[in-house]
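One structure below.
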Amino acid sequence: MQNKYWQRSLLVVVALGLVSECPAQSLRQDADRDGILIGTAVRPSQLSEPAYASTLAREFNMVEAEDAMKWWVLRKDRSRYNFGPGDELVRFAEDNNMKVRGHCLVWGRDNPEWLTQGHFTSRQLSRLLREHITHLMKHYSGEVFAWDVLNEAFDENGNVRDSLWYNRPGIGLAGKGTAYIEQVFRWAHKAEPRALLFYNEAEGEEMNRKSDAIYAMVKDFTRRSIPIDGVGLQMHVSSMNPDIPALAANIARLTALGVQVHITELDVSLPLKSGSAMPDDLAQQAEVYRRVVRACLNNPGCTAIQTWGFTDKYSWIGSHSRGARGQALPFDRTYEPKAAYRALLEELSAGRSVTH
Ligand code: XIL
């Protein structure tokens, strides 16, 4: 009897030892354990590359279309919606048990020429936009769990940006500040009441005039029960010294309003010399990834971390910086994990409970 007890205890101890010794296999295993979403942006045409698809499915539990759900891809022609690439991504996500974030319903950029050069009246634009939001959200109803409803509406001074949808000529609410944003959130909620609705922004991660304006808008919306569920902080980092305490403070003030925060487009671009980054920079890059992820994990209202692509083979940074910067992502061009990947893995495996 006693022997059996000891045998069983020994087995349990050995088994526990194995579990704790066993390194985590992937980012998503750790994220799943803590109920965190770890996602990445995808160009559906790349899903046919086996190394791309297998890395994606192994490491991430969420995907977002890098471009496939934007106006210029979906609405190349006025008369026809091109849902093919977006549908392919949604199928991949379903097959691999991943969530899908939608990006983006309304943006002043990446719109087709027939729309920007179409000389539409505000009335016509308003009708076109409402139809677009409704059609797109209903098409992906129950499949896309969260949408970036509006992307990049503020400038660096915290003013509402000039745009097709705001005042050029706008949907009829020009000069009325965030009223057009409120309108599109209302349309989005009506079209798909189950989807989480996010406002997504660049360079409003730390404490500055832009993030103050976002905060003021979200505070106003939540007070007046305008349907908004979260703020997406893009987090395209090009400095090795992002102000992490300011990021944490911004996440804290937003989540205190009762909305979620998602880190939506994380990448850390490095200067390139003859096409390569310096080894020291790669080490520092890992620390930036680590600290950003830690700032999110330390706040229970920060519920998703998403990178803007995952392999240096494919990243928007190259063309965006005309080749001056790159190597911004956690995997190299041959899908080998970089130091940045190991930093991500360590933080996700430590989970939410650690404070440093
Ligand atoms: C970028 C895509 O990565 C590119 O493929 C495309 O050519 C231009 O847009 N902020 C956003 C994203 O919200 O939609 C942008 O994506 C990057 C900046």
Side-chain angles (χ1 to χ4, degrees), residues 39-47 49 52 56 60 62-76 82 84-86 88-89 100-113 115-116 132-133 136 140 144 146-156 160-161 163-166 181 184 188 196-206 210-211 214 230-239 242 261-270 292 304-331 333:
T40 192
V42 172
R43 296 188 186 138
S45 57
Q46 283 146 5
L47 292 172
E49 188 184 326
Y52 182 96
L56 175 62
F60 298 94
M62 179 173 80
V63 285
E64 175 166 311
E66 184 164 344
D67 293 301
M69 295 186 190
K70 291 176 183 167
W71 273 82
W72 69 273
V73 177
L74 267 177
R75 310 288 305 274
K76 221 178 183 118
N82 172 24
E88 193 184 339
L89 181 59
V100 183
R101 268 190 116 258
H103 175 79
C104 49
L105 299 172
V106 189
W107 192 14
R109 291 170 48 191
D110 283 7
N111 292 312
E113 229 169 61
L115 180 67
T116 54
H132 179 85
I133 290 173
L136 183 48
Y140 290 118
V144 168
W147 279 100
D148 288 333
V149 175
L150 206 109
N151 199 28
E152 302 180 1
F154 292 101
D155 68 18
E156 63 276 18
V160 175
R161 250 180 218 288
S163 79
L164 174 72
W165 306 116
Y166 174 49
I181 305 178
V184 297
L196 297 178
L197 307 183
F198 277 71
Y199 174 78
N200 195 50
E201 185 59 90
E203 292 163 5
E205 293 88 5
E206 300 175 1
K210 194 189 276 192
S211 64
I214 298 167
V231 173
L233 304 177
Q234 290 188 9
M235 212 77 232
H236 293 289
V237 184
S238 55
S239 136
V261 167
H262 286 178
I263 305 286
T264 51
E265 306 186 11
L266 175 60
D267 54 19
V268 182
S269 66
L270 302 178
V292 169
I305 299 161
Q306 181 169 260
T307 57
W308 204 240
F310 57 95
T311 164
D312 289 339
K313 189 172 181 182
Y314 306 115
S315 161
W316 78 302
I317 294 291
S319 60
H320 183 65
S321 68
R322 298 208 177 89
R325 304 185 69 85
Q327 298 192 15
L329 294 167
F331 289 88
R333 301 175 70 84

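Start at 1 and go down the list; that is how both ligands and their atoms are numbered. This is a predicted model, so every value here is computed, not measured. Residue numbers run from 1 in the order of the sequence given.
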**Asked** Does Glu88 CD have over 12 foreign heavy atoms under 6.0 Å away?
**Response** yes
**Asked** Any N or O of Asn151 that comes nearer than 3.5 Å to an N or O of ligand 1?
**Response** yes
**Complete:** Counting from 1 in the order shown, the ligand 1 atoms closer than 4.0 Å to a non-hydrogen atom of Arg43 are 5 (O)
**Request:** Would you check whether Glu152 reaches within less than 4.0 Å of ligand 1, judged by its heavy atoms?
**Result:** yes
**Fill in**
Quick note on ligand 1: atoms under 4.0 Å from a heavy atom of His103 include exactly 11 (C), 12 (C), 13 (O), 14 (O)
**Complete:** of all protein heavy atoms, closest to atom 6 (C) of ligand 1 is Asp67 OD1, 3.3 Å
**Prompt:** In terms of atom number and element, which parts of ligand 1 are under 4.0 angstrom from non-hydrogen atoms of Trp308?
**Reply:** 2 (C), 3 (O), 12 (C), 14 (O), 16 (O), 17 (C)
**Asked** Where is the nearest protein heavy atom to atom 10 (N) of ligand 1: which residue, which atom, and how far?
**Response** Glu265 OE1, 3.0 Å
**Prompt:** For atom 8 (C) of ligand 1, which protein heavy atom lies nearest, and how many Å away is it?
**Reply:** Asp110 OD2, 3.6 Å
**Protein heavy atom at shortest distance from atom 3 (O) of ligand 1** = Glu66 OE2, 2.5 Å
**Message:** At less than 4.0 angstrom from any non-hydrogen atom of Trp107, what atoms of ligand 1 do you find?
**Reply:** 11 (C), 14 (O)
**Complete:** atom 1 (C) of ligand 1: of Glu64, Gln234, Lys70, the nearest heavy atom sits on Lys70
**Asked** Glu64 and salt bridge (Lys or Arg N to Asp or Glu O under 4.0 Å): which partner among Arg43, Arg101, Lys70?
**Response** Arg101
**Message:** Are more than 12 heavy atoms, taken from residues, nucleotides or ligands other than Arg333, located less than 6.0 Å from that residue's CZ atom?
**Reply:** no
**Request:** Quick one: sort the Trp147 and Tyr140 rings into parallel, tilted or perpendicular, breaks at 30° and 60°.
**Result:** tilted
**Prompt:** How are the rings of Tyr52 and Phe310 set to each other: parallel, tilted or perpendicular (split at 30° and 60°)?
**Reply:** tilted
**Message:** Below 30° counts as parallel, above 60° as perpendicular, anything between as tilted: where do the rings of Trp165 and Trp71 land?
**Reply:** tilted
**Asked** Does His320 reach ligand 1, in the sense of a heavy atom lying below 4.0 Å from it?
**Response** no
**Prompt:** Would a line drawn from the ring center of Trp308 to the ring center of His320 be shorter than 6.0 Å?
**Reply:** no
**Message:** Between Asp155 and Lys210, does any side-chain N to carboxylate O distance fall below 4.0 Å?
**Reply:** no
